[in-house]
Protein chains: 2
Amino acid sequence: MLSFFTVDCLIFTFHDGKLKVLLTERNEYPYRDWWAMPGYFVNKDEEMEDAVNRIAYEHTGLKNIYLEQLAALAGLKRHPEGRILTVAYMALVRYDEVKHKIKPVTNYMRQAKWFDVHEVPELAFDHNEILRLGLDKLKRNLHYTMAPYELLPEKFTLTQLQQVYESILGETLDKRNFRKKMSNLGYLKELDEFQTGVSYRAARLYKLDKKKFLKLFS
Amino acid sequence: MLSFFTVDCLIFTFHDGKLKVLLTERNEYPYRDWWAMPGYFVNKDEEMEDAVNRIAYEHTGLKNIYLEQLAALAGLKRHPEGRILTVAYMALVRYDEVKHKIKPVTNYMRQAKWFDVHEVPELAFDHNEILRLGLDKLKRNLHYTMAPYELLPEKFTLTQLQQVYESILGETLDKRNFRKKMSNLGYLKELDEFQTGVSYRAARLYKLDKKKFLKLFS
DNA sequence: AATATAATGTGTATTTTTTACACTATTAAA
DNA sequence: TTTAATAGTGTAAAAAATACACATTATATT
């Protein structure tokens with residue numbers, strides 16, 4: 001009737017045209033030296049979401065990030081010392097906002113690293129399964145949620161947006177059809193600004209019109 | 001770091017053209033006399049899913065039912081005595097298979113009753129919110145899951161199937177278009193059997209071809 | 001036997017959405 | 001000025017979704 005209680009958090013971002021997930025190298029029994037998703041015990045008087053935000057903050061320096069609950073896992077055999085119930089979340093963050101080179105504030109992990117979601121090694125506990133759940137949920141809800149815009153900078157190009165879609169769906173999309181559809185949806189604001197620092201034609205920047213988006217999906 | 005640990009289970013079925021949910025009247029502090037979804041503590045050495053199955057069995061007499069996890073809720077203020085983490089599930093059962101008039105095997109509840117999902121009173125704890133989650137998930141996943149066929153008898157009429165869709169979507173559908181689409185999907189087996197016991201033209205019975213369904217959605 | 005009742009079962013035309021497909025324009029660097 | 005790299009654009013065909021109404025059939029009633 002009583003159980004240990006942890007939260008784990010998949011932290012996704014988008015960088016270099018690819019969907020990435022932040023993993024940490026464990027420094028503690030069990031699964032010492034294995035890669036795992038960030039996670040830890042929920043404090044006695046702490047709300048579960050606050051615990052997730054705390055853990056995400058420790059790894060990214062960001063507060064008030066986008067969170068979705070994925071699942072509760074409570075298998076008696078998850079942990080050698082008995083049941084440790086964990087509630088898994090996924091967080092979406094903008095790569096350009098992340099404070100990199102955060103020094104580990106705890107000693108239960110050594111380093112954190114962004115992995116391409118399709119190049120993830122075998123992880124501690126059931127974390128590969130949780131990653132699958134996260135990717136599935138992203139994919140299933142892609143068309144109804146702001147997820148793509150939580151992964152991208154506030155101002156983004158249509159090519160970047162298409163790459164987000166492609167990396168979540170795991171398939172390539174036709175450029176003309178993609179742009180036609182996005183512009184028909186009507187919730188992208190075309191800006192009078194352009195990409196800078198590229199050595200080829202600069203693409204126009206867009207941003208999400210949240211009001212129109214929400215009007216459409218609620 | 002330790003928390004009490006319960007499971008709660010929305011049990012849905014379909015009867016008389018309507019989607020129903022099983023609720024119980026509590027006989028215990030807190031929320032004594034309130035209606036609530038079935039749920040109880042998970043035993044120390046019991047898997048979480050086994051606990052859900054146990055609770056569903058106590059209320060329906062059915063084993064091996066269709067279950068989906070909805071969410072974990074762990075608010076510090078859910079329960080006056082402190083945090084009680086609950087993992088909410090939904091179960092789908094066939095009304096014709098349910099053992100009705102099950103006598104309460106426990107004394108923490110008085111009676112159980114099927115409610116039309118749109119005529120549910122104010123419930124104990126956060127159970128109205130969980131019901132919303134369940135209905136939302138049913139709706140969102142309607143087209144990819146076997147949910148409609150878990151709610152209907154094994155052999156069903158197209159009208160019944162359409163009623164399931166309508167009650168989950170909360171809108172009426174065009175009969176001819178619905179039938180055209182279902183038959184195009186190709187996973188319904190048309191049987192040479194007909195409804196009995198009706199005082200009007202008997203409708204043809206169908207059943208789900210699980211193999212074809214799974215081939216399509218995995 | 002005739003009639004009333006209640007639900008079953010069926011087709012077509014229109015609109016909307018999705019798909020397939022290739023070249024010119026622009027910018028910066030070499 | 002040439003090269004390299006990506007941006008940006010339209011049309012035709014196919015598929016899917018929508019709107020819409022009546023004849024058929026089984027039973028119950030008179």
Side-chain angles (χ1 to χ4, degrees), chain A residues 14-18 139-140 142-144 148 152-153 155-207 212-213 216-217, chain B residues 14-18 139-140 142-144 148 152-153 155-207 212-213 216-217:
Chain A
F14 184 77
H15 183 57
D16 274 345
K18 285 177 177 169
K139 195 196 266 197
R140 262 202 315 281
L142 183 57
H143 299 284
Y144 323 98
L152 286 168
K155 301 172 179 182
F156 51 84
T157 70
L158 292 180
T159 298
Q160 289 173 323
L161 183 60
Q162 182 175 343
Q163 285 170 338
V164 169
Y165 270 74
E166 288 177 340
S167 60
I168 290 175
L169 293 172
E171 59 182 313
T172 59
L173 302 172
D174 178 88
K175 183 160 60 158
R176 279 174 292 187
N177 293 339
F178 180 79
R179 285 164 183 240
K180 193 194 317 172
K181 189 157 166 209
M182 284 298 144
S183 104
N184 283 342
L185 289 169
Y187 54 69
L188 291 188
K189 268 205 279 271
E190 178 179 301
L191 302 178
D192 288 323
E193 294 176 59
F194 294 82
Q195 234 177 352
T196 55
V198 289
S199 72
Y200 43 80
R201 177 174 177 181
R204 183 184 288 277
L205 295 174
Y206 289 77
K207 61 192 237 187
K212 288 189 181 165
F213 185 93
L216 206 55
F217 294 115
Chain B
F14 183 78
H15 183 57
D16 275 345
K18 285 177 178 171
K139 195 196 263 195
R140 262 202 314 281
L142 182 57
H143 300 282
Y144 325 97
L152 287 167
K155 300 173 181 181
F156 51 84
T157 70
L158 291 181
T159 297
Q160 289 173 324
L161 183 60
Q162 183 175 343
Q163 286 170 337
V164 170
Y165 270 74
E166 289 177 339
S167 60
I168 290 175
L169 293 173
E171 58 183 315
T172 59
L173 302 172
D174 178 88
K175 182 158 62 156
R176 279 174 291 187
N177 294 340
F178 180 79
R179 284 162 186 243
K180 193 194 315 174
K181 188 158 164 205
M182 283 299 146
S183 105
N184 284 342
L185 288 170
Y187 54 70
L188 291 187
K189 267 205 279 269
E190 177 179 301
L191 302 178
D192 287 324
E193 295 175 59
F194 294 82
Q195 233 177 352
T196 55
V198 289
S199 71
Y200 44 80
R201 177 175 178 183
R204 182 183 290 276
L205 295 173
Y206 289 77
K207 62 192 239 189
K212 287 188 183 167
F213 185 92
L216 206 55
F217 294 115

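Labels below follow one simple rule: chain letters A, B, ... track the order of the sequence lines, proteins then strands, and each chain is numbered from 1.
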Leu158(B) CG - dG9(C) C1' separation (whole Å): 9 Å
Does a distance-only test, which skips hydrogens and angles, find a donor-acceptor pair under 3.5 Å between the side chain of Lys181(B) and the base of dT18(D)? no
Ignoring hydrogens and angles, answer whether the base of dT11(D) and the side-chain atoms of Lys180(A) contain a donor-acceptor pair closer than 3.5 Å. yes
For atom CZ of Phe178(A) and atom C1' of dA20(C), their distance in whole Å: 18 Å
Quick one: label Asp174(A) by what it contacts on the DNA or RNA (base, sugar-phosphate, nothing), any heavy atom closer than 4.0 Å. base
Would you indicate which nucleotide in dT11(D), dT9(D), dA6(C) comes nearest to any side-chain atom of Lys175(A)? dT9(D)
Can you tell me how far the CE atom of Met182(A) sits from the CG atom of Leu161(A), to the nearest 0.5 Å? 5.5 Å
Closest-nucleotide mapping onto DNA chain C: is Asn184(A) or Ser199(A) further toward the 5' terminus? I mean the 5' end. Asn184(A)
Find the distance between NZ (Lys175(B)) and CZ (Arg179(B)) and round it off to the nearest 0.5 Å. 5.5 Å
To the nearest angstrom, the OH-C1' distance between Tyr206(B) and dT8(C) comes to 10 Å
For atom OH of Tyr200(B) and atom C1' of dA28(D), their distance in whole Å: 13 Å
Starting from the 5' end of DNA chain D, give me the residue, Arg201(B) or Asn177(A), whose nearest nucleotide shows up first. Asn177(A)
Atom pair distance, as rounded to whole Å: CG in Leu205(B) and P in dT8(C): 12 Å
Is the Tyr165(B)-Phe178(B) ring centre distance short of 6.0 angstrom? yes
Rounded to whole Å, the CZ-P distance (Phe194(B) to dA7(C)) equals 18 Å
Could you tell me how far apart Met182(A) (CE) and dT18(C) (P) are, to the nearest whole angstrom? 11 Å
Expressed in angstrom and rounded to an integer, what is the separation of Glu171(B) atom CD from dA19(D) atom P? 11 Å
Closer to the 5' end of DNA chain C via nearest nucleotide, is it Arg176(B) or Thr159(B)? Thr159(B)
Any idea how Phe213(B) and Tyr187(B) line up, ring-wise: parallel (<30°), tilted (30 to 60°), or perpendicular (>60°)? perpendicular
Mind checking whether Leu142(A) and Pro148(A) have side chains closer than 4.5 Å, heavy atoms only? yes
Is the distance from OP1 or OP2 of dG9(C) to the nearest side-chain N or O of Arg179(B) less than 4.0 Å? yes
